[in-house]
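Read through the structure below, which is laid out as structure tokens, and then see the notes.
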Amino acid sequence: IAAGAGLTLAPPDAGKTFLRQRRDFLVQQLATLAANFAITSNGGNDFVTDQNLVTLSGTAPIEVKTIRINGVMCPVNWTTVTNWTLRVALPAGVHKLSLQGFDPSGNVLPQAASAITVTVTGTYDPPQGQLVINEIMPRPAEPGAEFIELLNTSAATAFDLFGYRLDGVGFAFTESTVIPPNGFVVVAKDQTAFAKTYGRAIPIVGVFDGSLDPAGEVLRLVKAGSLPAQDETIDEVAFENAPPWPASAERSSASLQLIDPLQDNTRVANWAAVAASPPSPEPQWQFVSATGPASTSQLLIYLTAPGDVH
């Protein structure tokens, strides 16, 4: 096509050479990042703790993207390209934790496996009375920005919400979701609408398929049992868009918030309608300039730490 247009074709040798050089460079860089899959907490040895919120740390080859513990997906914090930490909430007892790494496509990496036994001592709070529905946004200013916030009022006990569900909006916690002492988690109707309305500083742990009825809803936090008859209702709230519920909740952008999470949240008097805070300013482009002698005609940009490029 180029020759027919009167242009001179050039051999692709220069392009092929560039690609070969970049491949060799990447291979050299990856060789410096070689790491085995291993648990480094307590030197990889079994241990005993009196805290039920346990942080595990370790190393993994760069092929690993996600980690499951005993078959359950767990959020991973990558502190470097090959170093990770993750949190687990364990009840009192002896727990053998089998860790398995997966690649970005969700395939098992047989060489990325390890195990450790953690013994948790002490007495811890039950979820009843500690995990509460703390905030409800049924009528947001932005369509799809509905959300529900759960709060852990315990000062010493963490809970893993895997196996729990929120009846009323059709949401189930299908991955490990740790809620630490005095911590909270948020589930939303739409992640994009939530970020647009309230900012990106508040992470959400899931998206529900159902919807919050502005006219009223019965919400239940349920811990699933081995059989449906063994399900436990951990917390329940039935709100309405009518007196004696706060009249200001009828307007858009006002959420229902618990006044005192330590008191009975089935009592209407313990709820108030509060206007949502505006989101934090979005990050802005930063303009950078540099001067000095150029050693190459190419401009190379690298990440100095693990991250994503968009």
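Here, residue 1 is the first one in the sequence, and each next residue gets the next number. In what follows, every heavy atom counts, from backbone to side chain, and hydrogens, waters and symmetry copies are set aside. None of these values were measured; they are calculated from a predicted model.
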[X] side chain to [Y] backbone, donor-acceptor under 3.5 Å:
X	Y	answer
D231	G225	yes
Q100	A112	yes
T153	Q130	yes
W78	N83	no
Y198	A145	yes
N42	D46	yes
Q51	V120	no

Among Ile, Leu, Val, Met, Phe, Trp and Tyr joined by side-chain contacts under 4.5 Å, find the other residues sharing a cluster with [X] and list them by chain and number.
X	value
L19	F18
V72	F162
V108	F102

Within this structure, what is the [atom1]-[atom2] distance for the pair [X] and [Y], rounded to the nearest 0.5 Å?
X	Y	atom1	atom2	result
N36	T82	CG	OG1	10.5 Å
L131	L151	CG	CG	8.5 Å
I39	L56	CD1	CG	6.0 Å
D160	I179	CG	CD1	10.5 Å
L161	F173	CG	CZ	4.5 Å
Y164	F171	OH	CZ	14.0 Å

With sequence neighbours excluded, give me every salt bridge (charged side-chain N to carboxylate O under 4.0 Å, His left out) pair touching residues 167-190. R165-D167
Polar side chain donor-acceptor pair, [X] to [Y], under 3.5 angstrom:
X	Y	answer
Q257	S255	yes
S154	N152	no
N270	Q263	no

Could you walk me through whether L219 and V169 pass the side chain to side chain contact (heavy atoms under 4.5 Å, CB included) check? CA-CA 8 Å; L219 300 174; V169 291; 4.1 Å; yes
Would you say [X] and [Y] are hydrophobically clustered, going by side-chain heavy atoms of ILVMFWY under 4.5 Å?
X	Y	result
F47	V88	yes
W245	M137	yes
V274	I259	no

Mind checking whether [X] and [Y] have side chains closer than 4.5 Å, heavy atoms only?
X	Y	result
V64	I62	no
I67	L86	yes
V186	V205	no
I136	F239	yes

Residue pair T49, V118: steps toward the side chain to side chain contact (heavy atoms under 4.5 Å, CB included) verdict: CA-CA 7 Å; T49 177; V118 179; 4.1 Å; yes
Distance-minimising heavy-atom pair for [X] and [Y]:
X	Y	result
S176	P75	O-CD, 3.3 Å
P143	A193	O-CB, 3.4 Å
N182	A155	ND2-CA, 3.9 Å
L90	V54	CD1-CG2, 4.2 Å
P261	N134	CG-OD1, 3.6 Å
W271	L256	CZ3-O, 3.5 Å

All side chain to side chain donor-acceptor pair (under 3.5 Å) counterparts of [X], not counting sequence neighbours:
X	value
R87	none
T59	none
S57	T40, S41
E232	Q128

What side-chain hydrogen bond (donor to acceptor under 3.5 Å, both in side chains) pairs are there with at least one residue in [range], not counting sequence neighbours?
range	answer
residues 211-220	R220-E236
residues 61-75	none
residues 107-119	D103-N107

Check against side chain to side chain contact (heavy atoms under 4.5 Å, CB included), L53 and Y124: CA-CA 11 Å; L53 180 57; Y124 301 96; over 6 Å; no
Listed partners of F159 passing ring pair (Phe, Tyr, Trp, His ring centres under 6.0 Å), at least two apart: none
Can you check whether F208 and F147 have ring centres sitting under 6.0 Å from each other? no
Looking at I234, D235, T157, which one forms a side chain to side chain contact (heavy atoms under 4.5 Å, CB included) with P127? I234
Only one of V207, V187, I204 clears side chain to side chain contact (heavy atoms under 4.5 Å, CB included) with F194; which? I204
Any chance you could lay out the side chain to side chain contact (heavy atoms under 4.5 Å, CB included) test for D260 and L258, step after step, and finish with the verdict? CA-CA 6 Å; D260 186 350; L258 268 181; over 6 Å; no
